[in-house]
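Because the structure is a prediction, the values reported are computed rather than measured.
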Amino acid sequence: QVRLVESGGGLVQPGGSLRLSCAASRDISDIYAMAWFRQFPGQERELVAATANDGGTKYSDFEKGRFTISRDNAKNTVYLQMNSLKPEDTAVYYCHVPDIYWGQGTQVTVSS
């Protein structure tokens with residue numbers, strides 16, 4: 001069992017940056033893949049980015065180089081650095097261990 005707790009969301013102006021953190025309740029070094037998803041009201045969750053233990057990463061097309069996912073196995077934490085934020089990035093962001101665990105989500109609001 002792994003409990004995932006997201007933090008770092010909030011209100012930011014367009015063009016600003018946020019770093020989301022996902023703290024796991026146990027060692028994640030044996031978890032191959034971890035990911036960030038986001039969800040707009042009334043819609044299904046969509047993949048934002050994923051990271052694997054072999055260093056591989058995957059990003060959705062909408063990010064266009066604005067977001068960076070990373071993981072620190074020593075801290076049992078996965079990060080999502082988001083730069084050049086746009087109003088359309090406003091959503092609840094979730095940490096996910098594929099097909100198994102979800103965090104509770106953190107709200108990101110991009111608005112002036």
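Between G103 and Y94, the shortest heavy-atom contact is O-CD2, 3.5 Å. Here the closest non-hydrogen pair linking T77 and S21 is CG2-CB, 4.2 Å. Considering all non-hydrogen atoms of both residues, F40 and E88 come closest at CE2-O, 3.4 Å. A pairwise comparison of heavy atoms in S111 and P14 identifies C-CD, 3.6 Å as the closest pair. Here the closest non-hydrogen pair linking A24 and L4 is CB-CD2, 3.9 Å. Of all the heavy atoms in A49 and L80, the pair that sits closest is CB-CD1, 4.3 Å.
For the atom pair W36 CH2 and I69 CD1, the distance stands at 8.0 Å (nearest 0.5 Å). Distance OG1/T68 to OH/Y79: 14.0 Å, rounded to 0.5 Å. For the atom pair H96 NE2 and C22 SG, the distance stands at 11.0 Å (nearest 0.5 Å).
Within the cation-pi definition used here (under 6.0 Å to the ring centroid, within 45° of the axis), R3 does not qualify as a partner of Y101.
Within 6.0 Å of CD in E44 there are 12 or fewer heavy atoms belonging to other residues, nucleotides or ligands. Heavy-atom neighbours of R26 CZ from other residues, nucleotides or ligands within 6.0 Å: above the threshold of 12.
F67 and V110 fall within the same hydrophobic cluster, defined by Ile, Leu, Val, Met, Phe, Trp and Tyr side-chain heavy atoms under 4.5 Å apart, directly or through other members. Hydrophobic clustering (side-chain heavy atoms under 4.5 Å, transitive across Ile, Leu, Val, Met, Phe, Trp, Tyr) groups M34 together with I100. Cluster membership for F62 and L85, using ILVMFWY side-chain heavy atoms within less than 4.5 angstrom, is shared.
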> What do the steps show when you test Y59 against L47 for side chain to side chain contact (heavy atoms under 4.5 Å, CB included), and what is the final call?
Replying inline: CA-CA 8 Å; Y59 294 94; L47 177 68; over 6 Å; no

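The closest donor-acceptor contact from the side chain of R66 to the backbone of S84 lies under 3.5 Å. The backbone N or O of C95 sits less than 3.5 Å from a side-chain atom of E6, completing a donor-acceptor pair.
Looking at L18, T90, T109, D89 one by one, the single match for side-chain contact (heavy atoms from CB on, under 4.5 Å) with V12 turns out to be L18.
Taking the ring centroids of F37 and W102, they lie under the 6.0 Å cut-off.
With hydrogens and angles left out, the side-chain atoms of N53 and D30 include no donor and acceptor closer than 3.5 Å. In this structure, a donor-acceptor pair under 3.5 Å is present between the side chains of N83 and S17. With no hydrogens or angles considered, a side-chain donor-acceptor pair links Y93 and R38 at under 3.5 Å.
Taking 4.5 Å as the limit, some side-chain heavy atom of V78 sits within range of a side-chain heavy atom of I28. Within the 4.5 Å cutoff, the side chain of V92 has no heavy atoms near those of the V108 side chain.
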